[in-house]
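Here is the structure we will look at, set down as structure tokens.
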Amino acid sequence: VNAENSGINIWGGRYNAINECNIIINTINDEIVEGEQAEKDQMRGEALFLRALFYHDLARVYGYEPGREVNGFNASVVLKLTPTFDLADVEDLQRSTNEQVYTQIESDLLAAIPLLPTVAAGSEGVRFANADAAKLLLARVYLYWNKKPEAANYAQQVIVGDGSDLVDSADYYESWDDSANPFHPESLFESEIKSLDSNTVDGANNSLHSLTMNNSGGSQFIVVASEELVAEIGSALEPDGDTLDVRHTLLHPEPLGMEFEKWRGLGETSFMENIPILRLSEAYLIAAEALGAGAGDTFLDALREQRGLPPSTATLDNVLRERRIEFMAEGHRWFDLKRLGRDIPKPADAGVPALSYQDFKILPRIPQSEIEISELLVQNPGYN
């Protein structure tokens, strides 16, 4: 229900990871670091990619996108690009503008692409940063930045364009079987979850399998598909009632609600599953949205055909509908609405009105502990 102070909190975790990236980026080419230059270059490219990914996560959570500011508030997050090894390296820095942060993300990805290898979608190589993943992330960033020609350009660089590189409709349900496919066949970059990451109670409780499914006695099962989402997927029916959209097969009715069968917890141990971060289907939908009705139809229809649906037109609303279904339970919907300056609708069952884009709770609070130790860090509007 978007109560005050209930927003996403990724500040500390992302900055810890960014510092690790900064160490590699700034020291990998020191003479004291042994190794072949090609290996060093690839590691530096991986760190640049990850720093860009982490900064985009921070920017889209804690600030408005460029051109979508409310009341002119354009503060984003703190750009810290040098390593912090000890207290002597600590700097008190103010928040950069959203344009400055997006420019830095763009710079990191453009620098990373030539340093990274090309790997096949769905292969083991997608657990590491690679050139196509960096191009797709850059396309995503350009879409958030409302730089549509650039978004379409980089999205098209990683796809065939006719849908032949996407999972066939007959194989779509099984493509999410993480025992048969440790890496999703469409993935260009995945967060690989190993036993070490998931061998505690906390690891199991926070797995997407535990949160979204109810097939184990230990499942939390607290995230279910809304009736509105189910209706949206089921709106495409043949006359005899059979569902055209193969993504409907990933929804399974349970007494407590409709579960998602994307995260089946069939990895090395219970509750484990890799998390796709960048998939080829996103590239098709970025190209469709960025090019718009007409030029974008080819890319929207290529995806829809592989999901069992007839052709459509790449209007913004049609693409958003496709993104809502394609990425259900993958964490895109909130950010798709936010980057477009739209209100956040609520399911009828929630019993609360839509969250206005003008509401200060669209942005979460920066951790108060960070504000208290800085003379320069400004809190987001609306928080005392």
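- Ion pairing between Arg60 and Glu65 fails under the 4.0 Å rule for side-chain N and carboxylate O.
- Of the possible donor and acceptor atoms, one in the side chain of Tyr15 sits under 3.5 Å from a partner among the backbone N and O of Val78.
- Remark: Glu36 CD is loosely packed, at most 12 non-hydrogen atoms of other residues, nucleotides or ligands lying under 6.0 Å away.
- Interatomic distance, CD of Glu46 versus CG of Asp41, reported as 11.0 Å (0.5 Å rounding).
- Listed here is the closest heavy atom pair of Ala350 and Lys346: CB-CB, 4.4 Å.
- Between Gln156 and Leu291 the shortest side-chain heavy-atom distance falls below 4.5 Å.
- Judged by distance alone, the side chain of Glu150 and the main-chain N or O of Ala139 form no donor-acceptor pair under 3.5 Å.
- A donor and an acceptor atom, one from each side chain of Asp92 and Ser374, are located under 3.5 Å apart.
- Here the two rings, on Phe49 and Phe189, have centers that are under 6.0 Å apart.
- The CG atom of Asp297 lies 10.5 Å from the CZ atom of Phe299; values are rounded to the nearest 0.5 Å.
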When you look at Arg247 and Glu322, which way does the salt bridge (Lys or Arg N to Asp or Glu O under 4.0 Å) test go after all the steps?
-> CA-CA 11 Å; Arg247 293 167 298 195; Glu322 215 62 46; 2.4 Å; yes

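- Here the side chain of Ser210 pairs no donor or acceptor atom with the backbone of Ser207 at under 3.5 angstrom.
- Counting only distance, with no hydrogens or angles, the side chain of Tyr64 and the backbone of Val70 share no donor-acceptor pair below 3.5 Å.
- The neighbour count for Glu227 CD, taken as heavy atoms of other residues, nucleotides or ligands under 6.0 Å away, does not exceed 12.
- In the hydrophobic clustering of ILVMFWY residues, with side-chain heavy atoms under 4.5 Å counting as a link, Ile24 and Leu81 come out apart.
- Taken together through direct or relayed side-chain contacts under 4.5 Å among Ile, Leu, Val, Met, Phe, Trp and Tyr, Met258 and Leu208 form part of one hydrophobic cluster.
- Ionic pairing of Arg307 and Glu186 is present here: one or more N-O contacts between side-chain nitrogen and carboxylate oxygen are shorter than 4.0 angstrom.
- A donor-acceptor contact closer than 3.5 angstrom links the side chains of Asn29 and Gln37.
- Using a 4.5 Å cut-off on side-chain heavy atoms (C-beta onward), Gln42 and Phe128 make no contact.
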Between Tyr154 and Leu136, is a side chain to side chain contact (heavy atoms under 4.5 Å, CB included) present by the stated rule, with each step listed?
-> CA-CA 6 Å; Tyr154 277 93; Leu136 180 49; over 6 Å; no

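- To the nearest 0.5 angstrom, Lys135 atom NZ is 5.0 Å from Gln157 atom CD.
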Report the C-alpha distance between Phe260 and Leu211 in whole Å, list the side-chain angles of each, state the deciding distance to 0.1 Å, and finish with yes or no for side chain to side chain contact (heavy atoms under 4.5 Å, CB included).
-> CA-CA 9 Å; Phe260 298 98; Leu211 295 172; over 6 Å; no

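- Judged purely by atom type and a 3.5 angstrom limit, Tyr357 uses its side chain to pair as donor or acceptor with the backbone of Arg68.
- At a threshold of 4.5 Å between side-chain heavy atoms, the hydrophobic network of Ile, Leu, Val, Met, Phe, Trp and Tyr places Val126 and Leu109 in two separate groups.
- Heavy-atom contacts from other residues, nucleotides or ligands closer than 6.0 Å to CG of Asp86 number more than 12.
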Verdict with reasoning, Trp11 to Val61, per side chain to side chain contact (heavy atoms under 4.5 Å, CB included) = CA-CA 9 Å; Trp11 188 276; Val61 167; over 6 Å; no

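- Side-chain contact between Ser76 and Ser96 is absent, with no heavy-atom pair separated by less than 4.5 Å.
- In this structure a side-chain-to-backbone donor-acceptor pair under 3.5 Å is missing from Glu289 to Val319.
- In summary, the side chains of Asn98 and Tyr62 do not present any donor paired with an acceptor at a separation below 3.5 Å, with no hydrogens or angles considered.
- Side-chain contact between Leu79 and Val101 is present, with heavy atoms from C-beta onward closer than 4.5 Å.
- With hydrogens and angles disregarded, a donor-acceptor distance shorter than 3.5 Å links the side chain of Gln100 to the backbone of Thr97.
- No more than 12 heavy atoms of other residues, nucleotides or ligands sit less than 6.0 Å from atom CD of Glu305.
- Formation of a donor-acceptor pair under 3.5 Å by the Asn19 side chain with backbone atoms of Thr84 is found in this model.
- With hydrogens and angles disregarded, a donor-acceptor distance shorter than 3.5 Å links the side chain of Asn274 to the backbone of Pro182.
- Side-chain atoms of Asp177 and Ser179 form a donor-acceptor pair, as typed in the model, at a separation below 3.5 Å.
- Val224 and Met213 fall into different hydrophobic clusters, where Ile, Leu, Val, Met, Phe, Trp and Tyr side chains are chained together by heavy-atom contacts under 4.5 Å.
- Looking at heavy atoms from C-beta onward, Ile366 lies in side-chain contact with Asn380 at the 4.5 angstrom threshold.
- Between Glu4 and Lys361 there is no salt bridge, since none of the side-chain N atoms of the basic residue sits less than 4.0 Å from a carboxylate O of the acidic one.
- Considering every non-hydrogen atom in both Ala155 and Ile286, the closest pair reads CB-CG2, 3.9 Å.
- A side-chain N or O of Ser187 and one of Glu190 form a donor-acceptor pair less than 3.5 Å apart.
- Ring orientation note: the planes of Tyr172 and Trp176 are nearly perpendicular, at an angle over 60° on the 30°/60° scale.
- Side-chain contact annotation: Glu326 with Ser281, donor-acceptor N/O pair under 3.5 Å present.
- Under the salt bridge (charged side-chain N to carboxylate O under 4.0 Å, His left out) criterion, the residue pairs touching residues 95-109 are Arg51-Asp108, with sequence neighbours excluded.
- Atom-to-atom distance recorded for Ser123:OG and Phe183:CZ is 8.0 Å, nearest 0.5 angstrom.
- Side-chain contact check for Tyr144 and His56: no donor-acceptor pair (N or O, by modelled atom type) lies under 3.5 Å.
- Side-chain N/O atoms of Glu259 and Asn214 include no donor and acceptor closer than 3.5 Å.
- No side-chain heavy atom of Tyr173 sits under 4.5 Å from any side-chain heavy atom of His248.
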Begin with the C-alpha distance, continue with both residues' side-chain angles, and end with the deciding distance and a verdict on side chain to side chain contact (heavy atoms under 4.5 Å, CB included) for Phe221 and Leu256.
-> CA-CA 8 Å; Phe221 192 45; Leu256 297 175; 3.8 Å; yes

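- Looking at heavy atoms from C-beta onward, Val160 lies out of side-chain contact with Leu166 at the 4.5 angstrom threshold.
- No side-chain N or O of His209 forms a donor-acceptor pair with one of Glu273 less than 3.5 Å apart.
- Atom-to-atom distance recorded for Ile277:CD1 and His184:NE2 is 13.0 Å, nearest 0.5 angstrom.
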Please assess Thr315 against Asp317 for the test side-chain hydrogen bond (donor to acceptor under 3.5 Å, both in side chains), listing each intermediate value before the final yes or no.
-> CA-CA 5 Å; Thr315 63; Asp317 284 343; 6.0 Å; no

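- Legend: residues meeting side-chain contact (heavy atoms from CB on, under 4.5 Å) with Ser312, ordered by chain and number and at least two apart, are Leu300, Asp301, Arg304, Asn318.
- Between Asp30 and Arg44, none of the side-chain N atoms (NZ, or NE/NH1/NH2) sits under 4.0 Å from a carboxylate O, so this pair counts as no salt bridge.
- Residue Leu250 holds its CG atom at 10.0 Å from CH2 of Trp263, rounded to the nearest 0.5 Å.
- A distance-only check finds a donor-acceptor pair linking the side chain of Lys262 to the backbone of Met328 [under 3.5 Å].
- Criterion: ILVMFWY side-chain heavy atoms under 4.5 Å apart, direct or through other members. Under it, Tyr55 and Leu115 are not part of a common hydrophobic cluster.
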